[in-house]
Number of protein chains: 2
Amino acid sequence: MREEKHRAAMRIGELAGRLGLNAKTVRYYESIGLLPMPPRTAAGYRQYGDADLERLRFVLKARTLGLSLEEIRDILTLRREGVAPCRHVAALVEQKLAAVDAQLRALAEFKQDLLTLAREAKNSVPSDTCVCGLIERHRPGRQGEALPLVSAGLRRRR
Amino acid sequence: MREEKHRAAMRIGELAGRLGLNAKTVRYYESIGLLPMPPRTAAGYRQYGDADLERLRFVLKARTLGLSLEEIRDILTLRREGVAPCRHVAALVEQKLAAVDAQLRALAEFKQDLLTLAREAKNSVPSDTCVCGLIERHRPGRQGEALPLVSAGLRRRR
DNA sequence: ATAAACCTTCCAGTCAACTGGATGGTCAAG
DNA sequence: CTTGACCATCCAGTTGACTGGAAGGTTTAT
């Protein structure tokens, strides 16, 4: 059995790279308190361990689901080992749970809307000559661009 | 039977008010092509009807679920009566459906994470003396403020 | 020992989605 | 016929979440 599982010390580039993000973003997350300030090497390089990887993974998951970085930070205070969570943060998690449930319902409903739209799209004659150009009268820019459509996430609105 | 269902003509303030948003926002949505340019009164006031109310309601629902305004605009081209939807937009709806399904799964998973967190919060001694102040060393500002926590929505990430 | 590929800080820019303010016209009530 | 609540446009500011660039130090491979 080889003791070769990726252990402890990695630098910011590796941490970021493993989760598919920019080192700048990791520093930014540290600056807003989402990630703790890690130990540094003699030269001042940040040193991350597996715990940081996990914490960041959680952040990314929550972010994908649309929580604001501020909310994620609040929720993460629960994870800080050794500190008693205040009622305030516990309540936050409760409320987030309720929001998640509401979201699950709304999402199911919206799925129906989309299905209706998709059905309509199939029933009418699909054409490759696109009418989408029409809506460009408002915002002229780049219509040759591929749609992003990557992933959706949950987000707070003001 | 009274013929008193709210009919046709309303101005921007009423439209916005009924859906709980700012008239400015409605104008902004028009400016980016989310809403069609409505007819105007002689004085230049925008006149909205029930169809506009419905369209805007759809926008809000999709927005709550986190689609970007640009994506919503694309999806809405499907609704424009009389025009054949191009494959491009039909494909968009298909992809959105897939995203919604993925989202439903991720949301369920995250709910489990939150439940774990909530359980931990209950097990450890809850205290009213809050440690949340600790994290304010990063971003000093306003800690007396009530948390917003309003609603969550689905959002695209770059 | 030098170049490439890292890392550091700091500051400024970008993008989406609003939001507000200035300035002025419209309309119904008193 | 004036007052207050609307409406219009235009332009500028804000917020959250990055992202890029400059200027410089470090590490590693050749």
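What you see below is based on every heavy atom in this structure, not just the backbone, and it leaves out hydrogens, waters and symmetry mates. Proteins get letters first, then strands, A, B, ... in listed order; numbering begins at 1 in each.
Across all strands, A:Arg27 comes closer than 4.0 Å to base atoms (heavy-atom distances). Within the nucleic acid shown, B:Arg11 comes within 4.0 Å of sugar-phosphate atoms alone, with no base atom in reach, counting heavy atoms only.
A:Gln47 places its CD atom 11 Å from the P atom of C:dC7, with the value rounded to the nearest Å. Counting to the nearest Å, the C1' atom of D:dA5 and the CD1 atom of B:Ile12 are 15 Å from each other. Distance NZ (A:Lys24) to C1' (C:dC6): 13 Å, rounded to an integer number of Å. Computed from coordinates, the A:Arg73 CZ to D:dG16 C1' distance equals 13 Å when rounded to whole Å. A straight line from CD of B:Glu14 to P of D:dC6 spans 11 Å, rounded to a whole angstrom. Put simply, CE on A:Met10 is 16 Å from P on C:dC6, counting in whole angstrom units. Distance CZ (A:Arg40) to C1' (C:dC6): 15 Å, rounded to an integer number of Å. For the pair A:Leu56 CG and D:dC18 C1', the computed distance is 14 Å after rounding to whole Å.
In this model, the phosphate group of C:dG20 is approached by a side-chain N or O of B:Asn22 to a distance below 4.0 Å at OP1 or OP2. A:Arg46 has no side-chain polar atom (N or O) that falls below the 4.0 Å cut-off from OP1 or OP2 of D:dT26. Between A:Tyr45 and D:dG25 there is no side-chain polar atom (N or O) within less than 4.0 angstrom of OP1 or OP2. Close to D:dC18, at under 4.0 Å from its OP1 or OP2, lies a side-chain N or O of A:Tyr29. For D:dT26, neither phosphate oxygen OP1 nor OP2 lies less than 4.0 angstrom from any side-chain nitrogen or oxygen of A:Thr41. Distances shorter than 4.0 Å separate none of the side-chain N or O atoms of B:Thr25 from OP1 or OP2 on C:dA17.
Checking C:dA17, C:dT19, D:dC18 against every side-chain atom of B:Leu69, the shortest atom distance belongs to C:dA17. For B:Ala43, the side-chain atoms get nearest to C:dC27 when compared with the rest of C:dA17, C:dC27, C:dT19. Listed nucleotides: C:dA17, D:dA17, C:dG20. Nearest to the side chain of A:Tyr28: D:dA17. Closest approach to the A:Arg63 side chain among C:dC18, D:dC6, D:dC18 is made by D:dC18 (side chain taken as heavy atoms from C-beta onward). Residue A:Ser68 has its side chain nearest to D:dA17 when only C:dG25, D:dT27, D:dA17 are considered.
The closest donor-acceptor contact from the side chain of B:Asp101 to the backbone of B:Ala98 lies at 3.5 Å or more, if one exists at all.
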- request: I would like to know whether B:Tyr48 and B:Val26 meet side-chain contact (heavy atoms from CB on, under 4.5 Å); could you show each step before the answer?
  value: CA-CA 11 Å; B:Tyr48 295 100; B:Val26 176; 3.7 Å; yes
Candidate pair A:Glu54 and A:Arg57, rule salt bridge (charged side-chain N to carboxylate O under 4.0 Å, His left out), full reasoning: CA-CA 5 Å; A:Glu54 277 322 298; A:Arg57 227 191 283 276; 3.2 Å; yes
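Remark: B:Glu109 does not engage B:Arg105 in a salt bridge, criterion side-chain N to carboxylate O under 4.0 Å.
Counting all heavy atoms, side chain and backbone alike, B:Ile12 lies closest to B:Ala23 at CD1-O, 3.6 Å. Between B:Gln47 and B:Ala9, the closest heavy-atom pair is OE1-CB, 3.9 Å.
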